[in-house]
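Notes follow once the structure below has been shown.
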Amino acid sequence: MKNYCLKWGSKYGPDYVNNLQDMLGEDIICITEDPTGLNCETIPLPKTSTKWWNKMVLFNEEFIKGPGVFYDLDIAIKNKVDWFKPDEYMKFLYTDWIDLKQLKDITVSKNHQYCSINSSIICWDENTKRQEIFDYYIKHKEKIEFTFSGIDTFIEHRFPDKYCLYDNVNVSSFNKNGTSGDVVLFEGMI
Amino acid sequence: MITHTMQKFPIPAYLWSEWTLTVMEKYPHRTKDFVQSYSQNQLMAKSWLVEHLKMECISDLDKKEVWILGSWYGTVLVPLLRNVLKNPRIHLVDFDNESLIIAKMLHPYITTHNIDVTFDLPEIETDIIINTSCEHMYPMKDIPMKGLCFYQSNNFRSDNAHINCVDSAEEFAAQSGIEKPKLYTTDFHKFDDHHKRYMVIGQR
């Protein structure tokens, strides 16, 4: 099993990758267009997408072949947890730090605004079915990027039966419930 | 008893009272959303469209097949269409299944299609195509369809769900897929602010 992260553009510098590797206490592979300053193995970022849509490369079984766990750069790992729990489909975090009932109520009939999954940490192995989602994304890329705010809403709404969720994990969102979790998500705040 | 005056209402207000009570009872989380579906802005937008539709189709108002894309509950449009067209066959299309379940409860004579217009709409060939929610979805020009089209959009960007607002009727026309559309613009107010609604009409 390998650990992965993804760095594109200039918002998150090499320190974020190096810190993530230190927090994990394990080697990480960074998928990036700019390996400058990174103290880890790197893979060139394909020019398939832009911005946060770059994360879709993780669904390309030809590109990322073996088992792995992916971590966003805007997270803090406080306690060591085994995040490698592969399943039939890509495994996402469930956003139970949000009042999902309230979110459901305020997004009634709002196109694709509701989202209960989060890809800040995701995992897979060689049996995880990822390619169908990647192929669909490539085929309808323009419409998808126009319609959805990110890959979480895209996958939840277009592939509602083709993702799995972590059970009993202690994740907190800095925005919603502070730093109480084993992992704290900053969700673009830093 | 339905009095003569009640019969003359283009939209039967007494039915809305019943419908709202039903929604409150069976789908309480939808009450606010449902009530908003017959707000002043909604009535204005839909009646504006239907007035133009009547002019466009005046020579033949009988047995038209009408597809309403992004239909929501069809609260206003369905009764207005049934008021101006004779024996219309109305199809509602929306990705939100619960709104269609309610729509079917309110208008049992319609056909509903729970699909996402942007991704899943099969190529339709019909008499009339209506989409008053173009600001919510991908440009219509890239979604294949054939028929007399009535599209509306607006420049109200404060709503997160409005992913495709436009700033002029000309800009809207360019993404409509209609070769020589008729263009219309009107004003509306929302949250004490002034906005514009655009309409394009034409054959595809």
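Sequence lines set the chain letters: A, B, ... in the order given, protein chains first and strands last, and positions in each chain run from 1.
No more than 12 heavy atoms of other residues, nucleotides or ligands shown are found within 6.0 angstrom of CE on B/M24. By the neighbour-count criterion of 12 heavy atoms within 6.0 Å, atom NZ of A/K80 is densely surrounded, having more than that number from other residues, nucleotides or ligands. When the shell of 6.0 Å around CD of A/E142 is examined, it contains 12 or fewer heavy atoms from other residues, nucleotides or ligands. Counting heavy atoms of neighbouring residues, nucleotides and ligands inside a 6.0 Å radius, atom NZ of A/K78 exceeds 12 of them. For CZ of B/R89, the number of neighbouring non-hydrogen atoms (other residues, nucleotides, ligands) closer than 6.0 Å is greater than 12. Other residues, nucleotides and ligands contribute at most 12 non-hydrogen atoms within 6.0 Å of the NZ atom of A/K104. Other residues, nucleotides and ligands contribute only 12 or fewer heavy atoms inside 6.0 Å of the NZ atom of A/K2. Atom CD of B/Q40 sits in a sparse spot, with 12 or fewer heavy atoms from other residues, nucleotides or ligands closer than 6.0 Å.
When heavy atoms are compared at a cutoff of 4.5 Å, B/Y138 approaches chain A by way of both its backbone and its side chain. Within the 4.5 angstrom heavy-atom criterion, no atom of A/Y114 approaches chain B. No part of B/S99 comes within reach of chain A, as not one of its non-hydrogen atoms sits under 4.5 angstrom from that chain. If you measure heavy-atom distances from B/D159 to chain A, the contacts under 4.5 Å come from the side chain alone.
With salt bridges taken as basic N to acidic carboxylate O contacts below 4.0 Å, none links B/D96 and A/K110. Between A/K143 and B/D116, none of the side-chain N atoms (NZ, or NE/NH1/NH2) sits under 4.0 Å from a carboxylate O, so this pair counts as no salt bridge.
Of the inter-residue distances, the one linking A/F148 atom CZ with B/I163 atom CD1 reads 8.5 Å to the nearest 0.5 angstrom. The NE2 atom of B/H136 lies 12.5 Å from the OG1 atom of A/T147; values are rounded to the nearest 0.5 Å. From B/F34, atom CZ reaches atom OG of A/S109 across 12.0 Å, with rounding to the nearest 0.5 Å. Between A/T107 atom OG1 and B/D33 atom CG the span is 10.0 Å, to the nearest 0.5 Å. Note that OG1 of B/T118 and CZ of A/R158 are 8.5 Å apart. Values are rounded to the nearest 0.5 Å.
Considering only heavy atoms from C-beta on, A/V108 comes within 4.5 Å of B/H29 through its side chain.
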For this session: Dump the intermediate steps for side chain to side chain contact (heavy atoms under 4.5 Å, CB included) on A/I144 and B/F119, then the final yes or no.
Result: CA-CA 9 Å; A/I144 290 165; B/F119 295 97; 3.7 Å; yes
